[in-house]
2 protein chains.
Amino acid sequence: MDQIGDKWSMLIMRECFLGTRRFEDFYDHLGISKSVLSGKLKKMVDQGLLKKTPYQNEGERTRYEYRLTQKSRDFRKVLIGLLSWSNKYLVEEGNETMYILDSNDNPVHLEVVDDELNSVPLRETRMVIKSKSGDRPSFV
Amino acid sequence: MDQIGDKWSMLIMRECFLGTRRFEDFYDHLGISKSVLSGKLKKMVDQGLLKKTPYQNEGERTRYEYRLTQKSRDFRKVLIGLLSWSNKYLVEEGNETMYILDSNDNPVHLEVVDDELNSVPLRETRMVIKSKSGDRPSFV
DNA sequence: CAGTATCCGGTCTGATACTG
DNA sequence: CAGTATCAGACCGGATACTG
């Protein structure tokens with residue numbers, strides 16, 4: 001939560017997954033103020049969530065764009081989960097405006113699987129803490 | 001992000017997945033102040049993320065505990081994704097202290113799948129916006 | 001135990017203005 | 001266009017004290 005638990009980090013990453021790369025486009029799409037956006041982008045570059053790379057259009061001066069890194073690309077699963085959840089619980093049925101599709105435009109979702117890719121029902125999963133001392137139960 | 005994008009909501013849900021139900025236990029485990037915890041629990045009950053149910057131990061007065069709802073139970077996938085991500089990028093290898101296991105204590109992870117449960121590589125997925133007007137590209 | 005009320009300082013935000 | 005600087009207000013969070 002310290003890394004990405006603020007109001008904007010995930011929204012900026014989602015923007016990136018939607019294809020946004022330039023300062024102005026983030027600004028236009030997110031409804032964020034420029035100063036805040038500037039600070040967030042900088043912080044996310046520092047965190048290794050974005051990389052700032054130069055590019056140049058014909059005859060224009062050099063510009064910079066913000067691209068995902070492996071670290072933030074791997075965050076996509078979290079965003080997929082969040083999107084599925086919000087489509088189910090926060091958006092009125094039929095009003096969903098965002099989806100995740102595969103290359104054949106079929107919808108995809110997340111499954112919990114074991115190492116052999118066998119699906120594991122959610123209720124058979126447990127979140128455990130590896131505690132050296134017994135101060136906290138490792139079974140739930 | 002408006003619903004669960006604050007500092008504490010997801011951490012409280014994680015506590016619930018770890019088995020915590022009572023005010024004092026949240027308080028002890030999370031390092032949160034009582035007033036903030038009180039407010040968050042109340043808000044999460046309002047949001048349908050927790051339900052407050054009475055219980056009574058032998059000879060004690062009635063107490064209340066906070067339990068997950070279907071809405072928050074469905075949030076588990078998001079937390080699994082977040083945990084996998086943070087284990088990979090934020091925790092030094094070998095120092096992970098939390099895991100998700102199935103009923104045979106085998107580790108589980110998230111996979112993106114289509115409706116037939118065929119695994120879909122992340123890079124073949126696209127996040128799209130269903131826009132009525134053409135103001136925002138629906139392809140990425 | 002399970003909270004609520006109050007205070008107060010730090011953080012985050014957007015608005016505005018400015019720069020190369 | 002792509003930011004940075006500044007600023008005032010909202011908001012959040014913890015500490016403390018209090019209640020049934």
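To find a chain, count down the sequence lines: A is the first, B the second, and so on, and within it residues start at 1. Predicted, not measured: the structure shown is a model, and the values here were computed from it.
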Interatomic distance, A:R21 CZ vs D:dG3 C1' [rounded to whole Å]
20 Å
State whether the number of non-hydrogen atoms from other residues, nucleotides or ligands found under 6.0 Å of B:D46 atom CG is greater than 12.
yes
Please test A:Y55 against A:R22 for side chain to side chain contact (heavy atoms under 4.5 Å, CB included), starting from the C-alpha separation and ending with a verdict.
CA-CA 11 Å; A:Y55 73 100; A:R22 289 163 50 179; 3.1 Å; yes
Classify the nucleic acid contact of B:Y66 as base, sugar-phosphate or nothing, counting any heavy atom under 4.0 Å across all strands shown.
sugar-phosphate
Under-4.0 Å side-chain N/O to phosphate OP1/OP2 contact, A:W8 with C:dC12:
no
On the nucleotide C:dC12, are OP1 or OP2 found under 4.0 Å from the side-chain N or O atoms that A:K43 carries?
no
Write down the distance between OH (B:Y64) and P (D:dG20), rounded to a whole number of angstrom.
16 Å
Quick one: B:D6 CG to D:dG14 C1', roughly how many Å, whole number?
16 Å
Between C:dG3, D:dG3, C:dT6, which nucleotide gets closest to the side-chain atoms of A:K52?
D:dG3
Considering only C:dA15, D:dG14, C:dT13, which nucleotide approaches the side chain of B:S33 most closely?
D:dG14
OH of B:Y64: more than 12 outside heavy atoms within 6.0 angstrom?
no
Does B:K42 place a side-chain N or O at less than 4.0 Å from the phosphate oxygens OP1/OP2 of C:dA2?
no
D:dC1 base / A:R22 side chain donor-acceptor hit below 3.5 Å:
no
Looking at side-chain heavy atoms only, is the closest gap between B:E65 and B:R63 below 4.5 Å?
no
Quick one: sort the A:W85 and A:Y89 rings into parallel, tilted or perpendicular, breaks at 30° and 60°.
tilted
Where the side chain of B:K40 is defined as all heavy atoms beyond and including C-beta, which of C:dT13, C:dA2, D:dG13 is the nearest nucleotide?
D:dG13
How many whole angstroms separate atom CG of A:D2 from atom C1' of D:dC12?
15 Å
Going by purine N1 to pyrimidine N3 plus the second Watson-Crick contact, or the G-U wobble pair, all under 3.5 Å, which nucleotide sits opposite D:dG20?
C:dC1
Rounded to the nearest Å, what distance is computed from the OH atom of residue B:Y27 to the P atom of nucleotide C:dC1?
11 Å
Please report the distance, rounded to the nearest Å, between CG in A:L41 and P in D:dG3.
7 Å
Take atom CE of B:M1 and atom C1' of C:dT13, then tell me their distance rounded to the nearest Å.
16 Å
Nearest-angstrom distance from the residue atom CD1 of B:I32 to P of C:dA2
15 Å
When you measure only distances, ignoring hydrogens and angles, does the side chain of A:R63 come within 3.5 Å of the base of D:dC1 through a donor and an acceptor?
no
Both A:R61 and A:K7 contact DNA chain C. Which one's nearest nucleotide lies toward the 5' end?
A:K7
